[in-house]
Amino acid sequence: MLAGAERRQPLWLPGDVALLSSLNLVAAALLVAAAWATTATDDLSLRVAWVNLGVVGLLVAGAGNVLWLLAGRRAIGERRAELLVAPSEVGADDDATAPTRALATMAAPPDRLVSVARATLFHRDDCPLVQGKPVTAGIRSRHERAGRRPCGVCLP
Amino acid sequence: MELMTFVRNQRDRVAAWLAIGLGVLALVVGWFGVSGTPFPAEQLPYVVTGGLGGLFLLGIGALLWLSADLRDEWRKLDAIEQLLRSQRSDAAAPPPASRRRQAA
Ligand SMILES: [Zn+2]
């Protein structure tokens, strides 16, 4: 049974979005400032200094982009680890046909953990505290990374 | 229209190509600007706008493209999780011996 209307957890957390956009905005501002300043002065050494500011902006943007992609990679890795178990962890099934064996290597899905938007707790989806509320489902590590703590009633 | 459908479904990849195209354009314009004058002081504005600006746009393009790949993978995991859950609820209904029964 699903509790209320279900939304899937997005790949990137709001914190990731905020970091990416703020670093790229800073970078764009530095680049615009450098572009404007290099034409505003006739002094060669001053112009070189402003070019350096632009390079700093480019590095800031690069750092933001790399952090964003790493956050996405990590979220996918964590989720895959919770969904799929390595074949060696599952007893070999001799009579199983190939498709069933492939499915047998998938773990039982982890308990569905949900949270209400902007709440500080996460719950099992059958917890009475979230019944009928719009919830977002996600794996445990995602809830924990978003700063949520396990509910004291349903003890997820 | 097949092209319109593609653009709608692959919005992030279209944006990625757009950013990459603009970045290359900026690099080319910057190169012409720099080669057009022998004075370093006059070359530097082109280095910033064309060179650094072009690299910034190329970075945005790569970011959008790789993000689209990651989003695809995330959606695939959504589908896998859904499949696992539907299997578990299938398996929960009949007695445990028929765990691997074929769908009737
Ligand atoms: Zn609870």
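First the proteins, then the strands, lettered A, B, ... as listed; each starts at 1.
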Would a distance-only check, ignoring hydrogens and angles, find a side-chain to backbone donor-acceptor pair under 3.5 Å from A/Arg47 to B/Ala41?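 Looks like yes, one N/O pair under 3.5 Å.
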Of all the heavy-atom pairs spanning A/Ile76 and B/Glu73, show the shortest one and how long it is.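 Nearest pair, atom of A/Ile76 first, then B/Glu73: CG2-OE2, 3.5 Å.
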For A/Arg73 against B/Leu70, the heavy-atom pair lying closest together: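 Closest approach of A/Arg73 to B/Leu70, heavy atoms only: NH1-CD2, 3.5 Å.
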Out of A/Leu46, A/Leu44, A/Asp43, return the one with the most heavy atom pairs under 4.5 angstrom to chain B.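 Result: the option with the highest number of such pairs is A/Leu44.
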For the residue pair B/Trp74 and A/Pro10, establish whether any side-chain heavy-atom pair is separated by less than 4.5 Å.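 No; the side chains remain at least 4.5 Å from each other.
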Using the rule that Ile, Leu, Val, Met, Phe, Trp and Tyr join whenever any side-chain heavy atoms are under 4.5 Å apart, tell me whether [X] and [Y] fall into a single cluster.
X: A/Val26; Y: A/Leu19; answer: yes
X: A/Leu121; Y: A/Leu113; answer: no
X: B/Leu66; Y: B/Trp17; answer: no
X: B/Leu22; Y: B/Val24; answer: no
X: B/Leu18; Y: B/Leu63; answer: no

Chain B contact via A/Trp36 - side chain, backbone, both or neither, heavy atoms under 4.5 Å: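 For A/Trp36, no heavy atom lies under 4.5 Å from chain B.
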Portion of A/Ala75 that has a non-hydrogen atom of chain B nearer than 4.5 angstrom: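 Contact with chain B involves both backbone and side-chain atoms of A/Ala75.
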Apply the test side chain to side chain contact (heavy atoms under 4.5 Å, CB included) to residues A/Thr39 and B/Leu44: give CA-CA distance (whole Å), side-chain angles for both, the deciding distance (0.1 Å), then the verdict. CA-CA 9 Å; A/Thr39 56; B/Leu44 288 181; over 6 Å; no
Check the pair A/Asn24 / B/Phe56 against side chain to side chain contact (heavy atoms under 4.5 Å, CB included), numbers first and verdict last. CA-CA 9 Å; A/Asn24 267 293; B/Phe56 177 73; 3.4 Å; yes
Taking 4.5 Å as the heavy-atom cut-off, does anything in residues 143-156 of chain A contact chain B, and if so which residues?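 Listed by number, there are no contacting residues, so the answer is none.
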Using non-hydrogen atoms and a limit below 4.5 Å, what part of residues 54-70 of chain A faces chain B?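 Expected list: A/Gly54, A/Val55, A/Leu58, A/Ala61, A/Asn65, A/Trp68, A/Leu69.
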In terms of heavy-atom pairs under 4.5 Å, which option from B/Val48, B/Asp78, B/Val47 contacts chain A the most?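 Looking at each option in turn, the highest pair count goes to B/Asp78.
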Nearest 0.5 Å, what's the CG-CD distance between A/Asp42 and B/Glu42?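 Spacing of CG (A/Asp42) from CD (B/Glu42) equals 9.5 Å.
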